[in-house]
Amino acid sequence: MAFDLTLSRDHELIRDSVRAFAEEVIRPRAAEIDRTREFPVDNWRRCAEMNLTGMMVPEEHGGAGLDGVSYSIAIEEISRACATTGVILSVNNSLFCMPLLRYGSDAQKKTYLVPHARGEKIGAYCLTEAGCGSDAAALQTRAVRKGDRYLLTGNKVFVTSGEAAHTFLVYATIDPALKHKGICAFLVERGFPGVGLGKPERKMGITASGSVEVVLQGAEVPAANLLGAEGDGFKIAMATLDGGRIGIASQALGIGRAALEEAIAYSRDRQAFGQPIASFQAIQWKLADMATEIDAARLLTWRAAWLKDRGGRVSLYTSMAKLYASEACMRAAKEAMQIHGGYGYINDYTVERLFRDARITEIYEGTSEIQRLVIAKEILKGAEG
Ligand code: CAA
């Protein structure tokens with residue numbers, strides 16, 4: 001498929017302004033957020049002021065009206081400074097606002113899309129359950145229609161931003177025997193009767209992203225909060241993840257780039273055998289591989305974003321981008337740590353956090369194994385790579 005990745009003047013302006021904002025506001029707090037594990041509400045507010053909470057939502061619905069490449073650029077820049085803030089933004093943008101924009105009724109857009117796109121409220125996405133992650137169609141959370149409402153019962157796990165979220169996009173089934181055709185998507189407010197939170201998860205990386213279990217005990221959801229039609233939920237979930245995976249690929253780019261920059265700075269400075277270690281080929285080859293892979297990942301990610309803006313199914317491209325960017329990011333973080341030697345293993349050094357943050361990009365929004373499965377399915381169907 002033909003595509004054009006020439007950056008416009010607007011793209012460059014977005015890159016420069018988000019980079020400056022991230023360096024001035026987001027980066028100085030990243031280590032502290034990692035240490036305290038406190039959901040960075042202040043970062044969220046500052047990002048909202050910068051119009052980063054509903055980037056691809058049209059202005060009439062409270063967003064910034066930008067394209068997917070701008071979104072990718074912004075998530076990369078924020079994640080380069082703080083991967084926790086990057087994923088919180090990515091979830092609200094890609095996994096909450098975009099399905100609302102695409103499938104929401106006018107009333108749902110007014111009530112939910114506008115405040116979430118403006119960043120007055122935080123959105124979360126509830127698909128995964130304790131017994132099903134990769135096999136999303138096997139979810140067991142039940143939705144039972146009672147008059148003008150649905151009662152939702154089940155538990156959702158690892159819900160990013162769950163601790164702070166105002167609204168959850170919850171996937172539940174009206175009949176597990178219908179498999180994916182029984183799944184529905186619901187807009188569930190945190191304050192609805194029967195909605196509770198479990199214990200916060202203590203994680204290896206992105207420690208402050210507010211991951212928590214969402215407990216639904218006959219949660220009362222107005223029928224008007226069904227997103228799309230009954231049975232549309234699985235396709236909404238999958239199409240939404242096609243966009244989400246661009247966000248995670250962009251987060252991986254940011255973490256990987258930060259790792260490369262740390263490695264370059266350290267290898268110029270660190271002396272061994274009477275010279276900076278950057279003068280050794282063993283180090284230069286690592287840096288060259290990191291830079292090349294990050295650049296290749298960026299091109300895949302921008303291609304996916306560019307194609308997604310033009311409509312149609314883009315699973316092949318978003319899965320390729322997410323797979324390659326996350327694995328390139330992990331390799332970059334590992335090599336950056338290796339270049340730092342023992343210092344890289346010490347909490348005080350940024351590469352130690354980057355290494356921990358990188359790991360999740362290969363797992364959430366579909367593991368690398370699931371991305372390979374999607375890619376293989378698409379190319380065997382005859383989709384173009
Ligand atoms: N867009 C639109 N429709 C899609 C689609 C897509 N991307 N993918 C599948 N579908 C449709 C298919 O066309 C099919 O439709 P029909 O019924 O009309 O034939 C239907 O959905 C079922 O498709 P499959 O048979 O391919 O479904 P499957 O059960 O084999 O599952 C899967 C496919 C790729 C494995 C999927 O379950 C998957 O992506 N799993 C990973 C789940 C995941 O990524 N979870 C992330 C949780 S969110 C998160 O991580 C957020 C966070 O914390 C930051």
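In each ligand, atom 1 is the first atom listed, and ligand 1 is the first ligand listed.
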*Measuring to protein heavy atoms, does anything land under 4.0 Å from atom 13 (O) of ligand 1?*
yes
_Determine whether any protein heavy atom is located less than 4.0 Å from atom 32 (C) of ligand 1._
no
Examine distances only and state if a side-chain atom of [X] and a backbone atom of [Y] form a donor-acceptor pair shorter than 3.5 Å.
X	Y	value
Thr367	Ile363	no
Lys156	Leu127	yes
Ser8	His11	yes

Heteroatom proximity flag, [X] to ligand 1, N/O under 3.5 Å:
X	value
Asp135	no
Tyr364	no
Gly366	yes

*Roughly how far, to the nearest 0.5 Å, is CZ of Arg245 from OG1 of Thr301?*
13.5 Å
*asked:* Check contact between Arg245 and ligand 1, using heavy atoms of the residue and a distance below 4.0 angstrom.
replied: yes
*asked:* Please determine whether any non-hydrogen atom of Ser211 lies less than 4.0 Å from an atom of ligand 1.
replied: no
Short list, please: which atoms of ligand 1 are under 4.0 Å from a heavy atom of [X]?
X	result
Asp242	1 (N), 6 (C), 7 (N)
Val374	34 (C)
Lys377	24 (P), 25 (O), 26 (O), 30 (O)
Val91	54 (C)
Ala136	37 (O)
Thr128	47 (C)
Tyr125	48 (S)
Leu95	51 (C)

Donor on one side chain, acceptor on other, [X] and [Y], under 3.5 Å:
X	Y	value
Glu189	Tyr112	yes
Gln251	Ser79	no
Glu129	Thr141	yes
Thr318	Lys308	no
Tyr71	Ser90	yes
Ser250	Ser72	yes
Ser368	Glu327	yes
Thr53	His116	no

Which residue owns the protein heavy atom closest to [atom], what's the atom, and how far is it?
atom	value
atom 53 (O) of ligand 1	Thr160 OG1, 2.9 Å
atom 27 (O) of ligand 1	Phe234 CE2, 3.6 Å
atom 18 (O) of ligand 1	Lys235 NZ, 2.7 Å
atom 17 (O) of ligand 1	His180 NE2, 2.6 Å
atom 42 (C) of ligand 1	Gly133 O, 3.6 Å
atom 37 (O) of ligand 1	Ser134 O, 3.3 Å

*Determine, considering heavy atoms only, which of Lys179, Gln251, Lys181, Glu365 sits nearest to atom 50 (O) of ligand 1.*
Glu365
*From the options Glu378, Gln371, Lys156, Arg313, select the one whose nearest heavy atom is closest to atom 8 (N) of ligand 1.*
Arg313
*Of the side chain and backbone of Met238, name the one, both, or neither that has a heavy atom under 4.0 Å from an atom of ligand 1.*
both
*Answer side chain, backbone, both or neither: which part of Leu241 comes under 4.0 Å from ligand 1, heavy atoms only.*
side chain
*asked:* Are Met330 and Ile75 connected into the same hydrophobic cluster when the rule is that any two of I, L, V, M, F, W, Y join if their side-chain heavy atoms are below 4.5 Å apart?
replied: no
*Under the 6.0 Å and 45° cation-pi test, does Arg303 pair with Tyr317?*
no
*asked:* Do Leu253 and Cys329 make a side-chain contact, defined as non-hydrogen atoms from C-beta onward lying under 4.5 Å apart?
replied: no
